Amino acid sequence: MFTEIVDALYEAAFVAEKWPAVLGQITNASASKGGALFVFADGAPVRGKAVAGLQDLMDEFLEDESLRLSTAAARMGTVRPSSFVDVDRFMTADEVRDDPIRVRLRARGLGVNACAAIPMPTGEMAMFVFQRGLGEGGYDERQLEVLDRMRPDMARATLAAARLGLAQARGAVDALANIGLPAAVLAANGRVRATNSLFDREKSLFLPTAFGGVAVANSESNRLFQSALQAKRGELLPRSIPVPGTPSAVVHVLPLKRTAHELSTEVICSSSRRGSRQAPSSRPRPS
């Protein structure tokens, strides 16, 4: 059983559509009734996958700010438990009763949650959360041990997914360099994930910012650029932003879509020099 789950975890690292099924396997192995994976990053939209029966609730959580203010999610974000813990031990009875996400889970017959947090090298935090059935009580030591036995492989699978995203980002900017385009990939939180050598030479057009971000040197163009990067989930559209100068340029901001890596959100920002033979440069945005 554990071998099959481990194999499925590493498959999901490369094919995001596999996450609901492997979360279901872990749910069954741990005597749970539900399970989900969340990915949090400062300044970026929350992303996540859930077992098939809870994906609609996951989608609601990702879109509804009131649900993202869940006490349980906030508390686990502060505690960041490295091993699986019974979430209710960190909440008062009133908090458990009133938490909006717990209210919805109870309506689906789900009670106590177990959670573990896994820091990612990209600066994100992955959280695995599993739920017991309503009225089944909390997780006992044996059930938590089952989850913790699989936790190292959960961590390695999410790490592999993060590295896959970075490798894809680097491959994209290197390919653009081969055709003469300066390019960078930014994560959803604005942190630069990868650049090519042509982009690195654009000292007069792009400027580094705090926390690994980037800005357009022209202030008005940068205002439009930052606004494009901060578009809400699902609202990020391709943008072309003029940059005055000698020569003038155009910065292109493009959402980077991936079917096999849905747990990350990235943007490509490209710039082209007017009046020169240089094609647009591309710049991704942090997830």
Side-chain angles (χ1 to χ4, degrees), residues 9 12-13 16 19-20 22-23 26 34-51 54-85 87 90-91 95 99-102 104-105 113-131 147 151-152 154-166 169 185-193 210-213 229-236 255-256 258 261-267 284-287:
L9 275 166
W19 278 111
V22 70
L23 289 168
I26 300 171
L37 164 60
F38 298 87
V39 178
F40 299 92
D42 291 341
V46 181
R47 287 101 65 203
K49 291 289 184 180
V51 295
L54 291 178
Q55 188 59 48
D56 63 328
L57 183 58
M58 170 65 78
D59 293 340
E60 184 182 0
F61 178 89
L62 299 181
E63 297 293 342
D64 188 337
E65 185 174 356
S66 66
L67 291 184
R68 294 199 301 275
L69 295 175
S70 161
T71 304
R75 191 66 43 78
M76 289 298 97
T78 300
V79 175
R80 298 188 174 191
S82 58
S83 59
F84 277 94
V85 298
V87 176
F90 297 84
M91 299 173 65
E95 287 174 332
D99 188 297
I101 195 65
R102 293 296 294 273
R104 283 167 171 76
L105 288 171
N113 289 220
C115 173
I118 299 168
M120 309 276 277
T122 53
E124 300 161 313
M125 179 66 64
M127 282 191 189
F128 285 88
V129 184
F130 296 90
Q131 297 87 22
L147 288 170
R151 181 175 53 82
M154 295 182 204
R156 283 189 285 267
T158 53
L159 174 59
R163 286 180 173 167
L164 172 63
L166 184 56
V185 173
L186 308 180
N189 60 4
R191 183 180 293 120
V192 176
R193 300 194 70 195
F211 309 110
L229 293 184
Q230 292 165 14
K232 294 181 181 178
R233 176 184 173 83
E235 296 179 2
L236 181 61
L256 184 58
R258 293 199 184 97
H261 192 58
E262 294 176 358
L263 289 177
S264 80
T265 302
E266 292 170 341
V267 172
R285 155 193 175 177
S287 8

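Keep in mind it's a predicted model, so treat the numbers as computed, not measured. Side chains are part of it too, since the values below use all heavy atoms of this structure and drop only hydrogens, waters and symmetry mates.
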Minimum heavy-atom distance between [X] and [Y], given as atom pair plus value:
| X | Y | value |
| --- | --- | --- |
| M125 | A117 | SD-CB, 3.7 Å |
| L9 | M154 | CD1-N, 3.9 Å |
| R75 | E95 | NH2-OE2, 2.9 Å |
| C115 | M127 | SG-SD, 4.1 Å |

State the [atom1]-[atom2] distance between [X] and [Y], to the nearest 0.5 angstrom.
| X | Y | atom1 | atom2 | answer |
| --- | --- | --- | --- | --- |
| L105 | L54 | CG | CG | 7.0 Å |
| L23 | F128 | CG | CZ | 6.5 Å |
| R151 | R156 | CZ | CZ | 10.0 Å |
| R47 | F38 | CZ | CZ | 13.0 Å |
| R102 | T71 | CZ | OG1 | 10.5 Å |

Next on the checklist: What I want to find out is whether R104 reaches E60 closely enough, with some N-O distance under 4.0 Å, to be called a salt bridge.
Outcome noted: yes
Checklist entry - Any donor and acceptor pair, going by atom type alone, linking the side chain of W19 with main-chain N or O of K49 inside 3.5 Å? => result no
Next on the checklist: Test your reading of the model: is there a side-chain donor-acceptor pair from N113 to the backbone of V87, 3.5 Å cut-off?
Outcome noted: no
Next on the checklist: Parallel, tilted or perpendicular, judged at 30° and 60°: which one describes the rings of F84 and F130?
Outcome noted: tilted
